[in-house]
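All remarks here apply to the structure that follows.
When reading the values below, keep in mind they use all heavy atoms of this one structure, side chains included, and skip hydrogens, waters and symmetry mates.
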Amino acid sequence: MYDPMTVEPKWRARWEERGTNSMDVAAAKKPYYQLMMFPYPSAEGLHVGNVFAFVGNDIHGRFRRLQGWDVFEPIGFDAFGIHSENYALKVNTHPGKLIPANIARFKEQLKRTGLMVNWEHVLATTDPDYYHWTQWIFLKLYEAGHAVKKQAPVNWCPECKTVLANEQVEDGYCERHPGTRVHQRYLSQWFFTITKYVERLLDNLETLDWSESTRTMQANWIGRSEGAELIFEAPAGTRIPVYTTRPDTVFGATYLVLAPEHPLVDELTASEQQNEVGKYRREAGQKDVVTRKVGDREKTGVFTGTYARNPATGESVPIWIADYVLMEYGTGAIMAVPGHDERDFEFAEKFGLEIRRVVAASSPSPSSPPDQARAEVEDDTLPYISWGGVLVNSGQFDGLGPAEGVKAITAWLEERGSGRTKVQFRLHDWCISRQRYWGPPIPMVYCDGCGTVPVPYDDLPVLLPEIDDFKPDESGMSPLARHEEWYRVPCPKCGKLARRETDVSDTFLDSAWYFLRYPSTKFDDRAFDPATTEKWLPVDSYIGGNEHAVLHLMYSRFITMVLHDLGLLNFEEPFTKFRAHGTIVKDGAKMSKSRGNVVVPDDYIDKWGADTFRMYLMFLGPYLEGGDFRDEGIAGMRRFLDRVWTLTKKMATGAGELDRGAVRKLHQTIKKVAHDIEGLHYNTAISALMEYSNTLRAIEDDEAGLSRELLEPLIVMLAPFAPHFSEECWERFGHADSVHDASWPPFDEELARADEVEVVVQVNGKVRGRLRVAPGTPEAEVVESAMADEGVSRFVTGREVRKTIYVQDRLVNIVV
RNA sequence: GCGACCGUGGCGGAAUUGGCAGACGCGCAGGAUUUAGGAUCCUGUGUCGAAAGACGUGGGGGUUCGAGUCCCCCCGGUCGCACCA
């Protein structure tokens with residue numbers, strides 16, 4: 001009987017002794033970088049979702065190794081950030097104390113899972129040897145002009161006394177304090193100018209071998225749109241630029257709306273409207289960023305009391321301010337076309353503004369041009385939004401389709417100096433300041449004389465001080481701002497007393513470059529060694545969750561591009577291939593502590609062994625889609641390993657004739673399993689291995705029986721899935737070396753070929769018989785024997801054969 | 001609302017280019033072994049039907065000799081984005 005409780009620890013110990021998994025990064029000849037997204041080391045430890053993800057990554061890495069690659073499969077810990085910090089606050093223990101214990105626990109669990117992790121190259125983002133280089137990257141970006149300081153709104157929870165990320169705000173309330181409304185504060189913060197790279201970030205997507213869903217999400221996030229910037233002029237000559245994707249509808253623009261924060265509002269507000277406008281702006285400022293965007297969408301706004309000239313019609317249109325217009329997008333001002341935009345329509349209805357139709361749904365007939373179209377348009381009670389139809393009420397442009405109208409009207413306005421075509425993106429600059437404690441201090445110093453001064457490279461790292469009062473307070477500043485002994489430093493330039501930046505950087509910066517560090521963890525004088533990096537990067541295979549499809553992957557690509565442009569990297573895309581794995585759910589619902597349906601891997605590994613658990617997880621469903629975790633099936637997987645175990649004990653020693661059918665099945669299996677592992681289709685790879693073992697079981701008592709040639713390839717193919725079990729079998733076969741240093745079994749097309757195929761005979765598309773023929777039998781011969789088949793002739797005789805369809809080696813269809 | 005993906009036995013899920021639907025596994029039933037239970041092994045297992053056969057991949061229509069697969073409409077689900085002008 002196979003006993004994982006003794007076999008698995010035995011092999012883990014031996015792997016460590018022999019250094020089986022410690023591939024020498026410097027000496028590797030055929031490098032293959034197999035990366036998985038590193039975990040946040042939570043206090044709860046590894047959950048099945050992590051194990052599922054890591055095992056899938058490990059199988060691919062181990063398979064590549066069997067194919068002869070020098071596979072580098074590192075792991076690290078994303079241990080900075082608000083998660084760790086909030087947990088530390090909750091249990092009232094310093095995060096610096098919690099993290100090492102959590103990491104130790106994770107390591108233990110990861111090892112028990114049997115991963116081929118290279119433990120010589122572990123990293124933790126909280127380690128000063130690591131964040132030294134996170135700060136170095138900040139300085140590199142600063143030097144290149146990609147790090148700038150500007151004012152930005154943040155969510156503030158008065159109860160937590162801290163800034164919240166958008167994800168921590170639920171419908172305007174703090175996620176930790178359901179009764180507390182979050183509001184908006186303006187703070188001066190550091191930004192990385194990722195928007196400068198927006199075209200490359202979008203265009204390069206097409207060249208990447210990434211999950212389609214991930215690329216789509218990135219493209220949506222970047223949000224490219226084409227349109228025009230048009231100028232509306234106020235009487236005093238103030239030019240108000242607006243961005244629109246529908247410049248063809250400018251003849252229908254009956255009013256303007258500015259965002260409440262728009263810098264021109266003061267100037268444009270008439271004196272009698274001052275009070276109203278001021279009040280509205282204050283109210284808008286009170287709303288937190290999230291509520292304003294997703295909360296109650298009842299339109300609100302106030303009239304500024306002034307007008308601007310529509311550049312197309314020359315008419316005066318009223319200028320309003322309303323919070324449905326966002327300052328962060330476009331120019332922070334829109335031309336409202338209520339006839340053809342739902343939001344503008346709703347607003348116009350509410351405030352009694354003019355609605356003018358400028359696109360008719362159907363083409364006016366030549367006999368009764370625009371009049372008829374106008375009539376039908378005026379009946380409408382809702383805006384008409386489509387790229388179909390024709391322009392009406394648009395002067396010389398009447399009759400054009402919207403797409404032609406865009407070109408013609410933009411060109412016409414451009415000629416008159418009131419517009420130009422414009423491409424707009426949704427992506428914003430990346431705010432990296434966090435008014436928190438648990439992160440790498442931003443390496444900047446503010447000096448009264450010299451201004452903003454970067455910390456010299458030689459003074460890095462700026463160590464995060466160990467303070468007890470890491471709890472945030474009312475001020476909106478980092479807890480570090482309470483520690484004068486820390487932030488008071490001499491200015492690096494002039495030596496006078498100056499002040500450190502007290503904010504720390506975003507966790508996403510830690511993870512935006514960690515893959516560069518792994519191969520170079522041995523170098524303490526550089527972030528990443530040029531020769532090592534050239535050898536190992538870009539990453540050959542990256543696997544992770546789609547929850548990081550946008551931010552993490554986008555930021556990593558951005559940092560890589562910047563470092564490339566600075567001449568520090570010779571590639572500009574970090575991940576050649578990326579696949580998003582699926583999610584494991586329980587009873588159809590996402591696992592979460594609040595639902596109480598979290599599955600902890602430890603008990604399963606204790607009971608069934610890591611190998612059984614690994615295979616079971618992979619067999620649940622397609623790796624790229626995930627599946628539902630149930631206890632019922634796991635015994636079946638254990639049964640499978642037990643059967644293979646029994647097979648290996650029956651290995652025939654004599655040199656009998658090999659079973660032809662088994663050899664054929666073997667080669668078919670080699671091909672299928674390799675193909676499936678490459679595509680990460682582990683569930684079907686496992687089922688192919690099961691089929692092959694069933695084939696062997698059927699001949700186990702035969703004379704020639706189970707020869708080494710039939711059994712050993714099964715064990716090798718099983719090795720990526722069940723690494724301990726396979727080692728034990730391999731050893732019992734008399735091998736002194738590791739099965740993981742063996743080679744993937746060679747595939748022979750000739751041996752895989754069937755010497756007889758079954759051809760299905762259909763009459764009118766219904767199966768009426770089957771024939772066994774040699775592969776490649778010509779059509780005429782097959783049809784002839786098909787007609788002779790009793791089951792077939794019953795349905796054919798006495799009827800006229802209209803035609804026959806023949807698919808080589810597969811099917812005959814006789815149409816009568 | 002917009003975008004992407006998906007819907008197949010009692011269950012999880014298979015099915016290159018349109019070509020035997022239900023691989024593999026779970027569960028279940030019968031049998032062997034066992035004092036019994038468990039474990040193991042063998043056989044069976046989409047539905048209706050005694051059988052021949054008919055029906056069958058969320059529903060409806062279409063293309064085709066042939067549709068789970070392609071096209072159109074509808075219903076249901078999952079994920080992402082969400083006042084982005």
Side-chain angles (χ1 to χ4, degrees), chain A residues 1 211-221 223-225 227 242-247 249 253 257 259 292-299 322-326 328-337 340-344 346-347 424-428 546-547 549-550 580 582-583 585 588 590 615-616 619-622 624-637 639-640 642-643 646 675 681 683-694 697 758-770 794 802-816:
Chain A
M1 196 63 189
S211 296
E212 191 57 42
S213 62
T214 313
R215 292 195 309 189
T216 307
M217 283 165 70
Q218 291 231 331
N220 290 345
W221 189 259
R224 183 183 193 275
S225 76
V242 301
Y243 173 72
T244 177
T245 53
R246 297 298 301 266
T249 63
V257 187
R292 184 164 151 192
K293 283 188 174 173
V294 303
D296 161 22
R297 296 202 178 172
E298 177 70 21
K299 293 279 178 296
D323 67 3
Y324 82 93
V325 174
L326 308 171
E328 316 95 78
Y329 186 75
T331 62
I334 61 156
M335 65 173 202
V337 184
H340 304 286
D341 181 285
E342 280 177 71
R343 298 153 299 180
D344 298 344
E346 199 188 315
F347 192 79
Q424 184 67 43
F425 297 90
R426 208 191 76 114
L427 183 74
H428 296 137
N546 233 356
E547 67 273 18
V550 177
T583 327
V585 298
K590 219 181 237 165
M615 292 194 73
Y616 172 65
F619 195 65
L620 272 185
L624 300 175
E625 286 164 40
D628 201 353
F629 188 93
R630 295 157 295 126
D631 288 1
E632 294 85 49
I634 193 162
M637 194 53 71
R639 196 141 51 217
F640 168 65
D642 284 338
R643 285 169 180 169
T646 308
H675 176 263
H681 306 301
N683 56 336
T684 50
I686 292 171
S687 93
L689 291 171
M690 287 174 164
E691 282 189 50
Y692 179 58
S693 96
N694 288 343
R697 261 150 39 87
E758 192 178 75
V759 172
V760 169
V761 184
Q762 298 181 331
V763 178
N764 285 347
K766 287 190 198 305
V767 180
R768 300 300 181 187
R770 291 147 201 282
R794 277 175 60 195
R802 297 217 337 248
K803 64 168 156 176
T804 58
I805 285 114
Y806 179 58
V807 180
Q808 184 72 247
D809 298 342
R810 301 195 79 154
L811 165 147
V812 177
N813 190 8
I814 300 162
V815 186
V816 295

Could you tell me whether the phosphate oxygens of B:A4, OP1 or OP2, come under 4.0 Å of any side-chain nitrogen or oxygen in A:R215? no
Base, sugar-phosphate alone, or nothing: which one does A:T583 contact when heavy atoms must sit under 4.0 Å apart? nothing
Could you tell me whether the side chain of A:R697 has a donor or acceptor atom within less than 3.5 Å of a complementary atom in the base of B:U40? no
Touch class at under 4.0 angstrom, heavy-atom based, for A:E342 against every strand present: nothing
Touch class at under 4.0 angstrom, heavy-atom based, for A:L620 against every strand present: sugar-phosphate
Please confirm whether the shortest side-chain N or O distance from A:N694 to OP1 or OP2 of B:G25 is below 4.0 Å. yes
Determine the interatomic distance between C1' on B:C70 and the same-named atom on B:A50; round to the nearest Å. 41 Å
Using a 4.0 Å heavy-atom cut-off, does A:V815 contact any base of the nucleic acid, only the sugar-phosphate backbone, or nothing at all? sugar-phosphate
Where does B:G60 fall, syn or anti, if syn means a chi angle no more than 90° from 0? anti
Touch check for A:G636, heavy atoms < 4.0 angstrom, all strands: base, sugar-phosphate only, or nothing? sugar-phosphate
Heavy atoms only, 4.0 Å cut-off, all strands: where does A:R643 land among base, sugar-phosphate and nothing? sugar-phosphate
Checking contacts here: which listed nucleotide (B:G66, B:C20, B:G3) is nearest the side-chain heavy atoms of A:N813? B:G66
Compute the ring centroids of A:Y616 and A:F640, then answer whether they are less than 6.0 Å apart. no
Counting side-chain heavy atoms from CB outward, which of B:C26, B:G25, B:G19 is closest to A:E632? B:C26
Give a yes/no on whether any side-chain N or O of A:T804 is located under 4.0 angstrom from OP1 or OP2 of B:C65. no
B:G25 to B:G31 separation - P atoms, rounded to the nearest Å: 23 Å
Say we look at B:C41 and B:G19: how far apart would their C1' atoms be, to the nearest angstrom? 38 Å
With a 3.5 Å distance limit and no angle check, can you tell me whether A:T331 reaches the backbone of A:A333 through a side-chain donor-acceptor pair? yes
Under 4.0 Å between a side-chain N/O of A:R639 and OP1 or OP2 of B:G27, yes or no? yes
Using a cut-off of less than 4.0 Å, is there contact between a side-chain N or O of A:Y243 and OP1 or OP2 of B:A85? no
Could you check whether A:S213 gets within reach of a base, just the sugar-phosphate, or nothing at all, counting any heavy atom under 4.0 Å? nothing
Do we get A:K299 above A:F347's six-membered ring, with its NZ or CZ under 6.0 Å from the centre and within 45° of the axis? no
Nearest-angstrom distance, P atom, B:U57 to B:C20: 15 Å
For atom C1', what is the distance between B:C5 and B:A29, given to the nearest Å? 38 Å
Could you measure between the two C1' atoms, the one in B:A15 and the one in B:A21, and give it in whole Å? 7 Å
Respond yes when some side-chain nitrogen or oxygen of A:R630 is under 4.0 Å from OP1 or OP2 of B:G27, and no when none is. no
Considering all heavy atoms, the nearest A:T245-A:S225 contact: CG2-OG, 3.9 Å
Spacing of the C1' atoms in B:G68 and B:A82 (rounded, Å): 34 Å
Expressed in whole Å, how much space separates the C1' atoms belonging to B:U33 and B:A14? 34 Å
